[in-house]
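Numbering of ligands and ligand atoms starts at 1, following listing order.
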Amino acid sequence: MADGSSETKSSNQMWGGRFASGPDAIMEEINASIGFDKKLYAQDIRGSIAHATMLAHQGIISAEDKDKIIHGLDTILSEIDSGAFEFSRRLEDIHMNIEARLAALIGPAAGRLHTARSRNDQVALDFRLWVKEELQKTEKALTGLIAAFLDRAEEHADTVMPGFTHLQTAQPVTFGHHCMAYVEMFGRDRARVRHAIEHMDESPIGAAALAGTGFPIDRHMTAKALGFREPTRNSIDTVSDRDFALEFLSIAAIAATHLSRLAEEIVIWSTPQFGFIRLSDAFSTGSSIMPQKKNPDAAELVRAKTGRVNGSLVALLTVMKGLPLAYSKDMQEDKEQVFDAAESLELAIAAMTGMIRDVTIRADRMKAAAGSGYSTATDLADWLVREAGLPFRDAHHVTGRVVALAEQKGCDLADLPLAELQAINSAITDKVYGVLTVEASVASRTSFGGTAPSEVRKQIAWWRARN
Ligand code: ARG
């Protein structure tokens, strides 16, 4: 021991005073978190520097000890950064690995760092800092994805495609409009991210084990130094709260669900049967046996990652649901779920942004499909209401007969001779042909948020001003 105390080597150097022997090997294995919480080293060191600075400012430790501590922590930061640091499972977690190394580097002054602090508020701080940074990264990534969609929407504000309900051709829409639907979805995800950052912007350090401390600490000072808006208000809640992690996972699960729906559309659209898009070589793979194939693997993996992210959310909800206040070791299981979900989400957003920027839109195929399946039948019914004064229900019935006739003759609505249309309803004139094309159909949908190119361009402008 650096401070020369007399514990046996096998008992823990942090709490060995109370323990006669070290842990069983299995105990060490189940207990240790260093394998994954080493990811928090930079946050742990930043938190310790803020804490030590505050302790010295408040006269709780001396300025010399503070300087030694900070110097030692800086050394450890570069040791870990460079890969020279040796992590030890015997030291359980990142907090004790760093503290033990600090003791080896600077001697007894290291033992003063943990004054007025517990690993309970320390881990809450480290993890919060990490999640906050991850949310900031996610916000940027979503902004990039939204930008990619805005560019494609602008390019294809006039490109007509079939709109679907039940994956059956419903009404013609524009591809730009369809892109903007995703902008709305990812825009909501980003709003949730921003809200979560605000929500979690409180500093846990100084809650100590659960009850606060008798030392004259200044939690406002550490909160400010660490970039938080303010300190948390209840020390019990502080060490038992993992809402910030759950919020991250909920947001990630909803975003991953959006990405999965998009992935599904990419998979469908890139089939030869649909042929709406052609994926770039950069975002597809070939088959080892079938030379003609080009597979949308990236989209499929984005779709699949959603399973992991949703699983992480359910896992942490389940860990938390039975825990009495305040800290329990169960909470150590929070980190791997968040780390895994964060990695999956980051990758999925990046892959999607790449695919959307790269994909070739086959406007000819989209347009051909848009006109099939009597997609302008609603336009005919609307025309009968507008021009012939029919009640919509009657117009619907008349149009149904027109569609049946076209089906029987195997032609499109626009190919039916006027005389045959008039035999169904005498109020029909040749002006009706003006609304039966897909272009006329989309151009007419000028209601707020509708698919008309003019309306889609307004929505693009609205988002451009906010992205
Ligand atoms: N490794 C622990 C975790 O991740 C740190 C907190 C330990 N606190 C304690 N009282 N044992 O949760």
Just by modelled atom types, is the [Y] backbone N or O under 3.5 Å from a matching donor or acceptor in the [X] side chain?
| X | Y | answer |
| --- | --- | --- |
| R194 | D189 | no |
| T451 | T174 | yes |
| N295 | D297 | no |
| S328 | D330 | no |

With atoms numbered from 1 as shown, which atoms in ligand 1 lie under 4.0 angstrom from a non-hydrogen atom of [X]?
| X | value |
| --- | --- |
| D93 | 1 (N), 2 (C), 5 (C) |
| S33 | 1 (N) |
| Q332 | 1 (N), 2 (C), 3 (C), 4 (O), 12 (O) |

Looking only at protein heavy atoms, which one is nearest to [atom], and how far off is it?
| atom | result |
| --- | --- |
| atom 6 (C) of ligand 1 | Y327 OH, 3.4 Å |
| atom 10 (N) of ligand 1 | N120 OD1, 2.9 Å |
| atom 11 (N) of ligand 1 | R119 NH2, 3.4 Å |

For atom 4 (O) of ligand 1, the option (of H95, K335, M331) bearing the nearest heavy atom
K335

Evaluate Y41 against F85 for ring pair (Phe, Tyr, Trp, His ring centres under 6.0 Å), listing each step before the verdict.
CA-CA 11 Å; Y41 75 94; F85 191 92; 8.6 Å; no

Taking only Lys NZ, Arg NE, NH1 and NH2, and the carboxylate oxygens of Asp or Glu, determine whether K335 and D37 approach each other closer than 4.0 Å.
no

